[in-house]
Structures are given as structure tokens and as C-alpha cells.
Number of protein chains: 2
Amino acid sequence: MSESREFVARADDADALGFRPLYRQVRDALIRRIVDGVWASGQPLPSEMRLAAELGVSQGTVRKALDAMAAENLVVRRQGRGTFIARHDEERIMFQFFKLVGDDGLRSFPQSRVLALSQGKANAAEREVLKIAKDARVIRIRRLRSIDDTPVIVENIALPEALFPGLTGMEVPNNLYGIYAMHFGITIGSTHEKLKAIAMSEADARALGVAAGLPALQIDRLALSLEGVPAESRHSICLTDHFHYLSELR
Amino acid sequence: MSESREFVARADDADALGFRPLYRQVRDALIRRIVDGVWASGQPLPSEMRLAAELGVSQGTVRKALDAMAAENLVVRRQGRGTFIARHDEERIMFQFFKLVGDDGLRSFPQSRVLALSQGKANAAEREVLKIAKDARVIRIRRLRSIDDTPVIVENIALPEALFPGLTGMEVPNNLYGIYAMHFGITIGSTHEKLKAIAMSEADARALGVAAGLPALQIDRLALSLEGVPAESRHSICLTDHFHYLSELR
DNA sequence: TCCTCGAACATTTCTATAAGATATAAGACA
DNA sequence: TGTCTTATATCTTATAGAAATGTTCGAGGA
């Protein structure tokens with residue numbers, strides 16, 4: 001315990017502006033390391049003891065920080081094994097962020113086909129929701145998603161170009177959040193979605209192969225990175241004849 | 001600390017079948033007391049110290065149990081004040097379970113008008129979702145909900161009659177979950193909802209004063225009591241022209 | 001006498017730390 | 001090959017001090 005105790009010093013600095021407890025500073029420091037890519041996705045963190053010695057705090061404080069991170073689905077803890085960076089693989093995405101479930105209760109992750117991929121200056125709505133500057137540029141993806149070869153969702157995605165340089169040159173995979181984390185160091189930590197029932201437009205109906213004017217579920221999603229920066233805006237039109245959006249509250 | 005330590009004994013009993021940590025036993029015991037109505041809604045619990053002495057465990061163990069309950073929105077903790085039973089008042093319901101938000105971002109809790117109130121034998125669908133016996137009876141409520149005197153939701157509610165004896169003789173208030181807790185000792189702890197976009201039926205359209213066939217958001221909610229018993233089934237049809245359903249995930 | 005303000009105190013939750021218990025995996029050994 | 005030991009990880013419980021909040025009580029002025 002004769003280490004530097006960098007956090008206590010920081011706490012004193014922050015004391016004037018607003019005190020933050022030690023375990024929370026530890027949590028923020030660890031999150032920063034994750035963001036910086038110090039540890040790869042799915043790999044184990046150093047043990048509580050090692051982190052405690054390295055940061056100059058007690059094991060219990062590290063433990064409290066890790067518990068908080070586990071509650072945020074950032075890490076996974078297993079007794080006797082270790083603490084692991086949560087992976088953004090398909091299965092996790094499916095349960096955490098993909099809420100469309102078949103009426104039979106089965107979840108199927110849809111396949112995707114890119115309809116259009118472009119980039120340009122952000123329009124007013126995109127600037128507003130992504131909180132980017134007036135002359136900033138965005139990448140736009142329009143794609144069709146199918147379950148069992150039946151088109152179910154057509155979605156328009158807008159990304160700040162500054163955060164995803166070179167994305168347009170890559171092949172767009174089915175699970176976008178995976179490459180956000182892998183290639184661009186952006187881990188999606190939370191989303192909020194606005195749902196509405198609308199009558200389908202001509203263009204969306206044509207893409208989905210159904211008649212215009214039919215009822216559809218419109219989902220406007222904004223995805224935030226771990227640091228709370230808007231990273232993706234997604235506008236989805238979903239057919240809910242054989243699927244529903246599942247929302248569990250407690 | 002010379003108390004009875006009833007929990008350790010129980011732990012030993014449960015050891016053969018499946019061990020549960022001490023703080024979790026404390027949590028379950030406290031939840032049982034809440035369910036049994038030992039403490040009224042909104043009132044303070046005994047202090048950590050007092051509970052610890054009473055239950056024969058350390059303060060830290062009580063603390064961990066209370067923390068878990070706070071994470072479940074069961075109690076509210078305030079430093080220097082105490083720990084309080086979470087209240088099922090309008091404000092709390094609005095934020096925890098009512099997810100319909102105006103497009104301007106403002107939340108308005110709707111007023112309600114009962115259209116029909118009846119009781120009878122549960123049909124197959126009601127038995128299925130509420131998990132009640134073949135000859136069990138249900139109470140049915142159909143009501144219209146308005147925001148700023150504009151009809152927005154028409155909903156059909158089904159309740160197991162066994163859980164809510166005498167409800168039909170009472171006046172149905174705007175906030176149902178309040179009287180579930182107050183008069184029948186049933187606290188809603190969690191809900192799960194299935195959302196779909198549908199074309200409105202004749203009857204629902206007439207109730208809402210709009211044209212049949214328009215798109216509407218259909219919400220099928222099942223509400224569970226703290227013990228996980230299905231307590232209410234609610235089928236809502238919502239107009240989402242000026243409102244949206246807000247879903248926040250992390 | 002009545003009212004206001006403030007300091008001291010009691011009570012409560014929050015934070016930090018430490019030690020023993022439990023779970024897991026890998027290597028030693030018969 | 002199978003079992004036991006050992007090392008290492010998280011999990012559980014315990015304890016002490018810090019911070020926040022409410023109350024009591026007395027001094028001082030109108």
C-alpha cells in the first residue's frame with residue numbers, strides 16, 4: 001500500500017468542482033482503459049488484487065468498481081475464473097439491444113443486405129440527433145434485414161464520419177456493433193429508442209415487398225458510446241405481423 | 001450479536017438443496033415483510049443497525065441486501081435519512097412503467113374513463129397468460145385514457161378475481177397499481193410488454209374517435225407481483241401520432 | 001414573551017478496507 | 001488415467017471512519 005495513490009490526489013482536485021467517491025474514480029479509470037483498447041474484448045482483466053496494488057487502493061474498492069461495471073453489462077465476472085471484458089458478439093447484441101422476437105417466443109437474428117451506402121454533409125435532423133457540428137459529414141447506410149428469407153426490417157443508419165473513418169471502404173457485416181468496437185474502438189454502451197405505429201411509405205413498402213399504407217412499427221434508435229457520445233442514429237421500419245418488440249421493465 | 005441467527009440455520013437447511021448467500025436470504029426476508037404489509041408504502045424501514053441486530057447479521061450484510069432492493073426499485077435510500085419503501089404513486093409509476101412520452105419530450109400521465117367493468121369465467125387466453133385454473137374467474141375493465149382531453153389509449157384489463165376480491169364494488173381510480181398495493185397487498189414488481197403495429201379495429205377506433213384501419217401501437221402487458229405471480233394482463237391500443245413509446249437499454 | 005438563527009449532537013447511510021470462504025483450473029502423484 | 005493438492009480468482013462477511021441529515025437547545029433581538 002505504499003503506492004502512489006493517484007486517485008486520492010485527483011479526488012482532492014475534483015473536490016472543489018464536485019466530489020466523486022474513490023470506487024467511482026476507479027470505475028471511470030477502468031472504463032477509459034477499455035475504451036483505449038488496453039484489453040481486448042472477451043479477454044480477462046488483471047485480478048482484483050493486482051488492480052488494487054496497481055491503482056493503490058484496496059481490493060474491496062476495486063471490487064465495488066467492477067461490480068458496478070458488471071451491472072452495466074461492461075464486464076462479466078466468474079468466481080474462481082476472473083473478470084472478463086463483455087463481448088459484443090451476436091448473441092450478446094441479440095439479447096441486449098435487439099428486442100424483436102418472434103410471436104412463438106424464439107429470437108432470430110436477421111440477415112442483412114445493404115441497399116445503399118453513401119456519405120455526405122449531415123442534414124439538420126442528423127446534426128440535431130448526433131450532436132455534431134454544422135459542416136460535419138455522415139455515413140449513411142440503408143439496408144434490408146430478413147428472417148428466414150422474409151424481409152422484416154428496412155433501416156436507415158447515419159454515422160458521424162469523424163468517428164468511423166474508412167468505413168465506406170469496408171464490407172458492411174451483419175452485426176455492425178462488432179466492427180464499431182473492433183475497428184474503430186467505439187463500444188456501444190446504451191441505446192434509447194422511440195417507437196411509433198405508422199403507415200408505411202411507398203419506398204419502404206417496396207423495399208419490404210408489401211403494400212404501401214400498411215401498419216408498421218417505426219423505431220428511432222440513438223446509440224451512445226461508453227462515454228455517452230452519440231455514435232449511431234438508426235431509423236427502422238419493422239413488419240410486426242409475426243414478430244413483436246419485447247420490453248421488460250422492473 | 002447474541003441473537004438467534006435464524007438465517008444461518010436456514011442456510012444450513014438449504015445447503016443440501018442449494019446454497020443461497022446470507023445477504024440474499026436477508027433480502028428475501030425483507031421482501032416477505034414488505035409483501036406481508038409490515039411496513040407501509042413510503043414509510044421508513046428500521047435502520048441498518050437495528051435490522052442487523054434484529055436479524056443477527058452484520059450491518060454490511062443488511063446493507064448489501066438493501067442495495068440489491070434499491071437496484072430493483074423496491075426501496076429508496078437517502079443518506080442521513082434512512083431507507084424507505086418505494087411508493088407506487090403516480091410519479092413513480094409514470095417513470096417506471098408508463099413509457100408513453102409526448103414527441104416534445106414531456107411526459108403526461110393520462111386521465112382515465114371506465115367504459116365497462118365486469119367479471120366472469122376466464123377464457124382460454126386469460127387463463128394462459130395469467131396462469132390460473134380452468135374454472136377461475138377474472139375481473140375485466142375496459143377504459144379510455146386521454147391526455148389533454150384527447151383520447152389516446154383504449155385498454156382492456158383482466159385481473160384474477162381471487163387476487164382482487166371486491167374490486168368491482170370500488171371506484172376504479174386512475175392509477176390502478178396504487179390500489180393493488182393499498183387495498184389488496186399486491187405490489188407490482190415487474191412487467192413485460194409485447195409491442196406491435198396493427199390496424200385499428202372498428203370498436204377501438206370508435207372508442208378513440210378515429211377512423212378504423214389506422215395504424216396503432218398495440219401493447220400487451222403482463223404485470224407480475226413481487227413474488228413473480230401474474231397479477232394483471234393489459235391489452236392497450238395507443239395512438240402514436242403525437243406520442244411515442246420510449247425504451248432505454250443499456 | 002416570542003421569534004429567529006446557529007452551533008452541537010444524535011442518527012443514518014455511504015465509503016474504504018481487511019480477512020476468511022468458496023469456486024475453478026492446473027499440476028503432482030499413485 | 002483418475003484423484004488429490006495447490007495456487008489463484010472472485011464472493012461473502014465484518015468493521016471502522018466519513019459524510020449527510022434532522023433535531024435539540026440556547027443566545028440574542030424585537
Side-chain angles (χ1 to χ4, degrees), chain A residues 1-3 5-12 14-16 18-30 39 43-71 74-86, chain B residues 1-3 5-12 14-16 18-30 39 43-71 74-86:
Chain A
M1 294 305 156
S2 56
E3 303 275 339
R5 301 273 289 185
E6 48 182 317
F7 295 107
V8 174
R10 269 201 217 149
D12 289 347
D15 217 342
F19 170 74
R20 288 222 315 299
L22 194 48
Y23 78 93
R24 189 150 256 281
Q25 300 175 50
V26 171
R27 168 186 165 277
D28 293 348
L30 292 176
W39 302 301
Q43 285 198 330
L45 273 64
S47 75
E48 293 179 357
M49 273 303 198
R50 193 176 300 273
L51 285 172
E54 180 183 341
L55 300 173
V57 300
S58 81
Q59 184 212 8
T61 303
V62 173
R63 150 157 285 275
K64 196 161 181 178
L66 290 175
D67 281 344
M69 292 165 70
L74 277 174
V75 298
V76 177
R77 321 198 67 189
R78 277 199 275 173
Q79 185 171 356
R81 295 283 308 278
T83 303
F84 303 82
I85 305 286
Chain B
M1 296 301 164
S2 57
E3 302 276 336
R5 301 273 289 184
E6 46 183 316
F7 294 106
V8 173
R10 271 200 214 149
D12 290 346
D15 217 340
F19 170 75
R20 287 219 319 297
L22 194 48
Y23 81 93
R24 192 147 253 282
Q25 299 175 52
V26 172
R27 168 185 164 278
D28 293 347
L30 292 177
W39 301 301
Q43 286 197 329
L45 273 66
S47 75
E48 294 180 355
M49 274 301 199
R50 192 177 301 273
L51 285 173
E54 182 183 340
L55 299 174
V57 300
S58 84
Q59 187 210 7
T61 303
V62 173
R63 151 157 286 274
K64 193 157 184 179
L66 289 175
D67 280 345
M69 293 166 69
L74 276 174
V75 297
V76 176
R77 320 198 66 188
R78 276 198 275 172
Q79 185 170 355
R81 295 280 310 278
T83 304
F84 303 82
I85 305 288

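We name chains A, B, ... by the order of the sequence lines, and we start the count at 1 in each one. Reckoned from all heavy atoms, side chains included, excluding hydrogens, waters and symmetry mates. Values in this document were obtained by computation on a predicted structure and should not be read as measured data.
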Under the salt bridge (charged side-chain N to carboxylate O under 4.0 Å, His left out) rule, collect the residues that match up with B/R27, sequence neighbours excluded.
B/E72

Side-chain donor-acceptor pairs of residues 79-86 of chain B under 3.5 Å, sequence neighbours excluded:
from, atom 1, to, atom 2, distance (Å)
B/T83, OG1, B/R77, NE, 3.4

Residues that B/P46 engages under side chain to side chain contact (heavy atoms under 4.5 Å, CB included), provided they are two or more places apart
B/W39, B/R50, B/L51

Return the set of residues passing side chain to side chain contact (heavy atoms under 4.5 Å, CB included) with A/A71 (not counting sequence neighbours), or none when no residue passes.
none

Could you encode protein contacts along nucleotides 5-14 of chain C as a string, one character per nucleotide from 5' to 3', using B for base contact, S for sugar-phosphate-only contact and - for no contact, with a heavy-atom cut-off of under 4.0 Å?
-------BBB

Is any side-chain heavy atom of A/L66 less than 4.5 Å from a side-chain heavy atom of A/L45?
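With C-beta onward as the side chain, the pair touches.
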
To the nearest angstrom, how far is A/F84 atom CZ from C/dT24 atom C1'?
10 Å

Would you indicate, yes or no, if D/dA14 has its OP1 or OP2 atom less than 4.0 angstrom from a side-chain nitrogen or oxygen of B/T61?
yes

